[in-house]
Amino acid sequence: AVVSKYATSSARHGTLDPAASLRMTHTATPTGTATAWAGINIALVKYWGKRDAAANLPAVGSLSLTLAELGTRTTVTFDPTLTDDRFELNGVARDDDARVRALLDGVRRLRCLDRRARVVSRNHVPTASGLASSASGAAALAVAAWAASGGDPTVARADAAFVDLVRRGSGSAPRSLYGGLVELDRSDGQVHPVLPPEAWNLRMVVARLAHGPKATSSREGMARTARTSPYYAAWIAAHPADLVEARAAIEARDLARLGTVMERSTARMHACMLAADPPLRYWNGRTLDALDVVAGLRAAGVGAWATMDAGPHVKVLCADADAEAVRSALCAVAPEDDLQITRPGPGAHVEPR
Ligand code: 2P0
């Protein structure tokens, strides 16, 4: 039998050897296979920039909403007959993906396992387009691999060593480990649930405004911004106040206040990127058209606030009751197939076989 000796006290405080707390006391006879779902998360207060590239520690904290309908489903099988890891994404073999290997190696290290894995993953969101598929991808992979090794992911997500592993996969991925509103702490790169998905009737209307991958990866974009943007120091300095404001808005369930700080954080992040050399512009013309639509909705009394990440797509935060009005207004800039009303969703979890 698998005996997982999970000494949470040392792990929680991150003092002793965090890896030791995750190791199993007996040789693993893993359940072998597990499937996990992770929703994408959209930052309301943005993360952009790293204070430690090796550990992928963020230069700023962040606060996000995990979504129910968009995300990644991944099956991991630790297979004793394999001599190498296998990875398939959306039906295409990508065996040499370095981030997938690194994440699997991390799970093997923490779980004292040496079997290779077969990983089959599907994104229910456009890949690498600036719609956060790297976050849901890393979270789903980590949770599936952890469960396939016989571990309990709901325990692991509170553990510093596991979260470090997920964050190395993608800086925003730990936020997908929890549902609803989630905060990632700058100080230790750990993640904390702020409000469960059912606690507030929020909606995020997603407008997909381009097809195909983005030109510059977030990782490269962040490095360039930190190296060349004269506004980078100001972005870092002004950022903590946005987190304080967002927490207060959530506490008060004040959507207008939360939407306002989200738009401000978005504008400051993109201003900082635009000042990089060469400039980093993830928006396209339709991004601006969508922002005009949102401004028009607000002028007409509809509570709607927009945000953009490392891509041209616009995500509009609103109340449940206004979501249909927002979606239909956005028909002016995108075909119906590229618009979706999404809800707050659960954290990454194992799905029943
Ligand atoms: C965010 N983004 O907070 C910000 C806003 C994009 C813009 O986190 O290099 O895939 O793996 O840490 O997490 C996207 O970047 O980058 C991102 P790495 P990640 O959601």
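The first residue in the sequence is number 1, and the count goes up from there. All values below come from the heavy atoms of this structure, side chains included, with hydrogens, waters and symmetry mates left out. Computed from a prediction, not measured in an experiment: that's the story for all the values here. In listed order, ligands and their atoms are each counted from 1.
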Worksheet item: Is the shortest distance from a Lys or Arg side-chain nitrogen in R168 or D105 to a carboxylate oxygen in the other one below 4.0 Å?
Response: no

Worksheet item: Tell me, which protein residue and heavy-atom name are nearest atom 11 (O) of ligand 1, and how many Å apart are they?
Response: R219 NH2, 2.8 Å

Fill in: Numbering as shown, the atoms of ligand 1 that approach M269 to under 4.0 Å (heavy-atom distance)
5 (C), 7 (C)

Worksheet item: Does the pair R264/E245 count as a salt bridge with the N-to-O cut at 4.0 Å?
Response: no

Item to complete: Considering heavy atoms of the protein only, find what lies nearest to atom 4 (C) of ligand 1 and give residue, atom and distance to 0.1 Å.
Response: Y47 O, 3.0 Å

Worksheet item: Should S134 be counted as touching ligand 1, given the test is an N or O pair under 3.5 Å?
Response: yes

Worksheet item: Is any side-chain heavy atom of I250 closer than 4.5 Å to a side-chain heavy atom of L63?
Response: yes

Item to complete: Return the minimal non-hydrogen interatomic distance between R167 and P58, and the atom names on each side.
Response: CD-CD, 4.2 Å

Worksheet item: Going by the order shown, which atoms of ligand 1 are within less than 4.0 Å of some heavy atom of S172?
Response: 8 (O), 13 (O), 19 (P)

Discussion item. Under a 4.0 Å threshold between the charged nitrogen and the carboxylate oxygen, would D309 count as salt-bridged to K46?
Written reply: yes

Worksheet item: Polar-atom distance check: N56 versus ligand 1, any N or O pair below 3.5 Å?
Response: yes

Fill in: Structural part of R175 in contact with ligand 1, heavy atom criterion under 4.0 angstrom
side chain

Worksheet item: Hey, is ligand 1 close enough to W48 that some N/O pair sits below 3.5 Å?
Response: no

Fill in: Contact atoms of ligand 1, heavy-atom distance to M222 under 4.0 Å
15 (O), 16 (O)

Worksheet item: Of all the heavy atoms in R99, does at least one lie under 4.0 Å from an atom in ligand 1?
Response: yes

Worksheet item: When you look at CZ of R281, are more than 12 heavy atoms from neighbouring residues, nucleotides or ligands closer to it than 6.0 Å?
Response: no

Worksheet, complete the sentence: For R101 and D85, the nearest pair of non-hydrogen atoms, with its separation, is NH2-O, 3.9 Å

Worksheet item: Looking at ligand 1, does any of its N/O atoms fall within less than 3.5 Å of an N/O of G171?
Response: yes

Fill in: Non-hydrogen atom of K50 closer than 4.0 Å to ligand 1
yes

Discussion item. Is there a polar contact, in the sense of an N or O pair closer than 3.5 Å, between N41 and ligand 1?
Written reply: no

Item to complete: Please tell me if the side chains of T66 and P197 come closer than 4.5 Å, counting only heavy atoms from C-beta onward.
Response: no

Worksheet item: Taking everything shown except R343 itself, do over 12 heavy atoms lie less than 6.0 Å from its CZ?
Response: no

Practice prompt. Please determine if D309 has a nitrogen or oxygen closer than 3.5 Å to a nitrogen or oxygen of ligand 1.
Written response: no

